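Accompanying notes for the structure given below.
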Amino acid sequence: MATRQLFFKTTPQFLAHSSLIQPSNRFSYPLRIISSFLYRDHYRNFSSTASDYITGELNSSVAAALNADIRVPATVITGFLGSGKTTLLNHILTSQHGKRIAVIENEFGEVDIDSSLVASHSSSNEEIVMVNNGCLCCTVRGDLVKLLLELVKKKRDKFDHIVIETTGLAKPGPVIETFCSDEMLSRHVKLDGVVTLVDSKHAMKHLNEVKPRFVVNEAVEQIAYSDRIILNKIDLVADADVESLTNRIKHINGMAQIKLAQYGIVDMDFVLGVGGYDLDRIESEVHSNDSHCSHQHESGHEQHDGHHHDHLHDSAVSSVSIVSEGTLDLDYFDDWLERLIEEKGDDIYRMKGILSVSDSEQRYVFQAVHSTLDGCPGKEWGPSEKRINKIVFIGRNLDETALRKGFKGCLV
Ligand SMILES: Nc1nc2c(ncn2[C@@H]2O[C@H](COP(=O)(O)OP(=O)(O)OP(=O)(O)O)[C@@H](O)[C@H]2O)c(=O)[nH]1
């Protein structure tokens, strides 16, 4: 199938205001509650309201009967100024992946340059639709939701996947939270993954930049929130630089997969269909994390992550992995997580985990973005399989000792 795309454009500062997502708008679900509502809500609610929005699509009752997730996947491309986001977008739009892509482009500044760069690479310009909503400053979240819902309502039959390119200075947190916390949006669109472009030549400088108190370092945040990281422009640096940058990135985010690239050339399945927020994909994500994190598993009950503590940087954003045998009391764990989220929800950007819980033959899987938690029972443990808990936290000022202690307190 030929690749076709729609093109939507917004204007400055569109996704960069975390203050727009007030704590009161967030919701926190204890795991035991989530486990019962999860699939039911996403799929059944979809079927009851989809007809308002989606015409000429799958019959919603058929979808419900099949328990199919027919929400549109959306990929967020982020990365510092000049890191290669538009280059990657063009690669996506010109690759043969069989998906029809709708693009939401966030331009920083009055002059629309990126859209013409993308358009010039597009194979079917007539499919490109420009949307200019004026200045989205301070109405970011609502406008993004409106834009996405309109897209689904009016053009749903014209695309299979949405790609959102943020500005180089955008903070991805508010964008991700929008997908997770807006009920209407989450019925129709699911966040597939956050892909971050990193400029191999200049990234270290940006990552090391010390910002004034309460000012976030966007380059660090973009890495912390990502599911896939493309270490781009490797043609401009030595291997040793790539290695130290890779290690630095792993320290910030021990969960994301990393690929080296020139001109954003990566396989499409690295960026599309990532399933970064799908509970049924968490296991493979956490496993794949093992392979690139060079864990040095300790013998004994608990194993520490191998996040290169020999070259720690004083960045406040980092990740902590807990890999441990043993069985958890889900109620204890639930209480602990609730407390953690209450106290540190703003600082915990992402969490993913596979748990071995008492009185259950199934894994328990969960994932969270700040205080928005999803969890449900997963695959059964094999008869001779070692039950190993794996949890990854990514956030600011993480207290590794306290996290390990809290986790241990939930073991039976
Ligand atoms: N040498 C080299 N140049 C690259 C590579 N990838 C992209 N570029 C160039 O870097 C420049 C910036 O790339 P863009 O794709 O526009 O970067 P961007 O992240 O969209 O930039 P902003 O929209 O300004 O944030 C362009 O001139 C690209 O051709 C690469 O791997 N190697």
Side-chain angles (χ1 to χ4, degrees), residues 1-11 14-15 42 46 50 53-58 69-79 85-86 88-95 97-107 114-115 118-119 121-124 127-133 136 140-167 170 172 174-197 225-228 268-278 369:
M1 195 194 307
T3 304
R4 290 157 59 208
Q5 54 276 160
L6 298 171
F7 193 92
F8 291 79
K9 181 177 177 302
T10 63
T11 44
F14 127 85
L15 304 168
H42 272 154
F46 183 90
Y53 279 85
I54 297 168
T55 50
E57 275 300 300
L58 263 180
D69 184 357
I70 56 172
R71 293 173 297 157
V72 196
T75 299
V76 174
I77 300 180
T78 178
K85 297 180 293 297
T86 308
L88 171 69
L89 188 53
N90 281 326
H91 175 50
I92 293 173
L93 296 180
T94 51
S95 292
H97 41 63
K99 289 185 170 72
R100 298 163 305 159
I101 309 279
V103 176
I104 294 179
E105 169 93 22
N106 177 210
E107 187 79 3
D114 277 0
S115 64
V118 173
H121 285 74
S122 160
S123 54
S124 52
E127 293 286 2
I128 293 174
V129 181
M130 304 294 291
V131 177
N132 191 334
N133 282 6
L136 298 183
V140 175
R141 186 168 170 255
D143 280 354
L144 176 63
V145 171
K146 218 167 104 190
L147 198 60
L148 286 164
L149 287 176
E150 241 167 58
L151 191 54
V152 171
K153 183 181 172 186
K154 295 185 180 158
K155 306 270 180 185
R156 180 61 187 94
D157 56 338
K158 292 196 163 46
F159 62 88
D160 313 300
H161 201 106
I162 300 169
V163 175
I164 302 169
E165 183 191 345
T166 64
T167 76
V175 191
I176 296 165
E177 287 188 302
T178 299
F179 282 99
C180 299
S181 61
D182 190 283
E183 208 194 336
M184 181 62 87
L185 184 64
S186 64
R187 282 183 196 160
H188 302 293
V189 182
K190 68 170 178 183
L191 183 58
D192 179 50
V194 177
V195 178
T196 300
L197 269 296
Y225 279 102
S226 74
D227 298 286
R228 297 284 187 267
M268 281 302 103
D269 57 8
F270 188 69
V271 287
L272 302 179
V274 165
Y277 296 79
D278 290 354
V369 178

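Hydrogens, waters and symmetry mates play no part in the numbers below; they use all other heavy atoms, side chains included. These numbers come from a predicted model, not from an experiment.
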Rounded to the nearest 0.5 angstrom, the CG-NZ distance for Leu151 and Lys158 is 11.0 Å

Counting only N and O atoms by type, is there a donor-acceptor contact under 3.5 Å from the side chain of Lys85 to the main-chain atoms of Gly79?
yes

**OP:** Answer whether the closest heavy-atom distance between the side chains of Thr75 and His161 falls below 4.5 Å.
**Re:** yes

Report the C-alpha distance between Val152 and Val189 in whole Å, list the side-chain angles of each, state the deciding distance to 0.1 Å, and finish with yes or no for side-chain contact (heavy atoms from CB on, under 4.5 Å).
CA-CA 8 Å; Val152 171; Val189 182; 3.7 Å; yes

Checklist line | pair Thr86-Glu165: side-chain heavy atoms closer than 4.5 Å | finding: yes

Checking Ile92, Leu272, Val163 against Lys99 for side-chain contact (heavy atoms from CB on, under 4.5 Å), the one that qualifies is Leu272

dist Ile162:CD1 -> Leu191:CG (nearest 0.5 Å) comes out at 10.5 Å

Original post:
Hey, does Val76 have a side-chain heavy atom less than 4.5 Å from the side chain of Phe179?
Top reply: yes

Check: Looking only at atom types and distance, does a side-chain atom of Asp192 sit under 3.5 Å from a main-chain N or O of Gly275, one as donor and one as acceptor?
Finding: yes

Exercise for review: Side-chain contact test, heavy atoms from C-beta onward, threshold under 4.5 Å: evaluate it for Ile104 versus Leu148 and give yes or no.
Suggested key: yes

Between Arg71 and Arg187 the two heavy atoms that sit nearest each other are CG-O, 3.0 Å

What one should report as the nearest heavy-atom pair of Thr196 and Ser226 is OG1-CB, 2.9 Å

Sidechain-backbone polar pair: Thr166 side chain, Ile77 backbone, donor-acceptor under 3.5 Å
yes

Residues at least two apart in sequence or cross-chain that pass ring-ring contact (aromatic ring centres under 6.0 Å, His included) with Tyr277, listed by chain then number, are none

Query raised in the report: Any donor and acceptor pair, going by atom type alone, linking the side chain of Arg228 with main-chain N or O of Phe270 inside 3.5 Å?
Result: yes

Heavy atoms of Gly276 and Asp227 approach each other most closely as CA-OD1, 3.7 Å

Could you check whether any side-chain N or O of Arg100 sits under 3.5 Å from a backbone N or O of Asp157, counting only pairs where one atom can act as donor and the other as acceptor? yes

**OP:** Take Lys146 and Glu150 through the test salt bridge (Lys or Arg N to Asp or Glu O under 4.0 Å) and record every step on the way to the result.
**Re:** CA-CA 6 Å; Lys146 218 167 104 190; Glu150 241 167 58; 5.4 Å; no

